[in-house]
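Here's the structure we're looking at; comments come further down.
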Amino acid sequence: MNRIAVYPGSFDPVTNGHLDIIHRALEFVDQLVIAILVNPEKQALFTVKERMEMIRNVVPENHRIQIDQFHGLLVEYARKKNARVIIRGLRAVSDFDYEFQMALMNRRLEAQIETVFLVPAEQYSYVSSRLVKEICALGGTVRGLVPEDVEKRMQRKFKGSSVQQFKSSK
Ligand code: ADP
């Protein structure tokens with residue numbers, strides 16, 4: 001049996017928390033499709049191309065790992081990929097409400113697809129893309145929470161931004 005799973009998310013940018021989940025998923029699926037959700041309504045720091053590059057730099061694509069993008073319904077996309085499993089990460093109780101709703105809604109839409117929740121290593125359980133962006137924008141270090149290349153790219157994005165100007169004017 002070829003177990004194919006989709007791991008969807010914004011990955012704006014990828015963090016070590018995401019990577020932890022990816023490695024855990026690869027322990028029990030045969031193929032993993034890391035799928036970036038393209039959502040034009042949500043303002044992102046990185047373009048989809050940049051987000052794919054950042055993932056590719058730390059998760060080399062091979063016969064087991066594919067890095068892709070999608071828009072629209074996740075279950076439709078998963079069906080197209082022949083995936084029977086959706087991987088999601090659970091950090092804290094705060095994730096639970098939304099994830100629970102989505103899992104049940106997706107099951108209603110496509111009963112054949114199962115959502116599997118994975119818990120990251122403790123040290124990543126408080127890491128989110130949103131938080132690392134905030135810290136970086138304010139000049140804090142996020143070393144150890146994101147890949148090195150991601151930290152450098154974030155620093156470049158925030159260099160000269162209004163937040164930095166605000167900081168240096170104080
Ligand atoms: P975020 O919620 O940080 O903006 P995404 O939308 O890219 O990130 O999340 C994709 C999936 O990865 C979601 O299931 C989310 O709960 C999970 N995830 C994100 N960060 C972590 C982490 N630090 N540990 C475990 N799972 C995570």
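Source: prediction; values computed, not measured. First listed ligand is number 1; within each ligand, the first listed atom is number 1. The analysis underlying the following values was restricted to heavy atoms, covering all of them including side chains, and did not include hydrogens, waters or symmetry mates.
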Would you call [X] and [Y] a salt bridge, taking side-chain N to carboxylate O under 4.0 Å as the test?
X      : Y      : result
Lys157 : Glu50  : yes
Arg84  : Glu114 : no
Glu76  : Lys80  : no
Lys42  : Asp12  : no

For the residue pair [X] and [Y], establish whether any side-chain heavy-atom pair is separated by less than 4.5 Å.
X      : Y      : answer
Ser128 : Arg91  : yes
Ile36  : Phe70  : no
His71  : Asn39  : no
Arg143 : Glu151 : yes

Quick test: of every protein heavy atom, which one is nearest to [atom], and how far off is it to 0.1 Å?
atom                    : result
atom 10 (C) of ligand 1 : Pro8 O, 3.5 Å
atom 20 (N) of ligand 1 : Arg91 NH1, 3.2 Å
atom 14 (O) of ligand 1 : Gly89 N, 3.0 Å
atom 3 (O) of ligand 1  : Ser129 N, 3.1 Å
atom 24 (N) of ligand 1 : Pro120 CG, 3.2 Å

Any nitrogen or oxygen of [X], side chain or backbone, less than 3.5 Å from one on ligand 1?
X      : result
His18  : yes
Phe11  : yes
Val127 : yes
Gly9   : no
Arg88  : yes

Does Phe11 share a hydrophobic cluster with Ile135, counting links as ILVMFWY side-chain heavy atoms below 4.5 Å and allowing steps through other members?
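Cluster IDs for Phe11 and Ile135 match.
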
Considering only heavy atoms, does Tyr7 approach ligand 1 within less than 4.0 Å through its side chain, its backbone, both, or neither?
side chain

Considering only heavy atoms, does Arg130 approach ligand 1 within less than 4.0 Å through its side chain, its backbone, both, or neither?
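It is neither part, as no heavy atom is under 4.0 Å.
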
With a cut-off of 4.0 Å, which atoms of ligand 1 are near a heavy atom of Glu99?
14 (O), 16 (O)

Just jot down the ligand 1 atoms closer than 4.0 angstrom to any heavy atom of Ser128, in number order.
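Those atoms are 3 (O).
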
Using the side-chain hydrogen bond (donor to acceptor under 3.5 Å, both in side chains) definition, which of the options His18, His23, Arg24 pairs with Asp20?
Arg24

Against ligand 1, does Ser125 come closer than 4.0 Å with any heavy atom?
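No, that is not the case, since the closest heavy atom of the residue is not under 4.0 Å from the ligand.
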
Can you tell me if Phe117 has a non-hydrogen atom under 4.0 Å from ligand 1?
no

